[in-house]
Amino acid sequence: MKDSRILVLTGPGKGKTTSAFGMALRALGHGGKVAVVQFIKHDGSYGEVVALRQFPNAEVVCSGQGFTGRARDEESRERHASAARDGWRVARQRLEDNSMGTVILDEIFYPLNYGFIPVAEVVGALKRIAAGKVVVLTGRDAPEEIVAVADTVSRIECVKHAFQQGTKAQSNVEF
Ligand code: ATP
Ligand code: MG
């Protein structure tokens with residue numbers, strides 16, 4: 001029986017989400033089942049989401065309320081928190097489902113750092129995953145409790161990014 005594996009992709013540079021989707025592709029190529037739960041993002045128009053949904057063994061759930069409206073007022077904060085909790089309910093179920101070989105929790109560090117999802121709950125669920133399961137968590141600023149429980153942690157640095165020269169987000173590169 002293979003070991004379970006928890007991977008963290010963090011840091012300020014570009015390439016965390018796309019690397020996690022690369023892992024999804026790798027697992028699908030071996031006939032595995034993949035679940036992606038995206039926090040923050042609420043829109044299925046990202047190219048990688050549209051592409052992955054074409055595989056019968058892949059599921060992508062977008063549970064976020066978007067990057068905008070930075071949880072300023074109480075109402076918007078509650079909306080983001082409630083969306084994050086909905087995403088976490090789905091994620092927890094997929095983590096417990098032994099038929100799901102790979103589970104990707106994309107941008108989960110934002111709701112953890114905002115306190116929308118208790119870090120201890122996620123750590124507990126990660127410690128209980130079955131042998132052979134692969135879990136990938138992405139986002140800037142991985143909480144240290146998650147880093148501690150992970151087997152592999154990569155931190156992507158930002159040497160430079162086109163946005164800093166005023167370039168706008170574009171399809172095939174950013175979405
Ligand atoms: P990608 O989805 O391309 O793999 P990412 O997951 O590493 O990027 P996020 O932190 O989730 O990046 O940021 C989301 C968006 O912000 C991406 O479209 C990305 O191109 C852009 N971005 C990533 N890093 C930077 C940066 N250092 N400066 C400005 N924009 C960035
Ligand atoms: Mg990302």
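Counting convention: from 1, in listed order, for ligands and their atoms alike.
Near Glu107, meaning under 4.0 Å from any of its heavy atoms, are these atoms of ligand 1: 11 (O). Residue contact check: Cys158 has heavy atoms under 4.0 Å from atoms 27 (N) of ligand 1. Atoms of ligand 1 found under 4.0 Å from any heavy atom of Pro12 (numbered from 1 in listed order, with element): 24 (N), 25 (C), 26 (C), 27 (N). For ligand 1, the atoms lying closer than 4.0 Å to a non-hydrogen atom of Thr17 are 2 (O), 4 (O), 5 (P), 6 (O).
With respect to Glu157 and Arg155, a salt bridge is recorded, a charged nitrogen being found less than 4.0 Å from a carboxylate O.
At a cut-off of 2.8 Å, Thr138 does not coordinate the Mg ion (ligand 2) through any N, O or S atom. Here Asp106 fails the criterion, with no N, O or S atom under 2.8 Å of the Mg ion (ligand 2).
Atom CD of Gln165 has more than 12 heavy atoms from other residues, nucleotides or ligands within 6.0 Å.
The ring-ring contact (aromatic ring centres under 6.0 Å, His included) contacts involving residues 136-155 comprise nothing, where partners must be two or more places apart or lie in separate chains.
Sorting the N, O or S atoms of Glu107 by how far they are from the Mg ion (ligand 2) puts OE2 first.
Considering only non-hydrogen atoms, atom 9 (P) of ligand 1 lies nearest to Lys16 out of Lys16, Lys41, Lys14. Between the choices Glu157, Arg140, Lys160, the shortest heavy-atom distance to atom 13 (O) of ligand 1 belongs to Arg140. The heavy atom nearest to atom 30 (N) of ligand 1, considering only Phe175, Phe21, Phe163, is found in Phe163.
The shortest N/O to N/O separation between Gln164 and ligand 1 does not fall below 3.5 Å.
Contacts between His161 and ligand 1, counted as non-hydrogen atom pairs separated by less than 4.0 Å, involve the side chain only.
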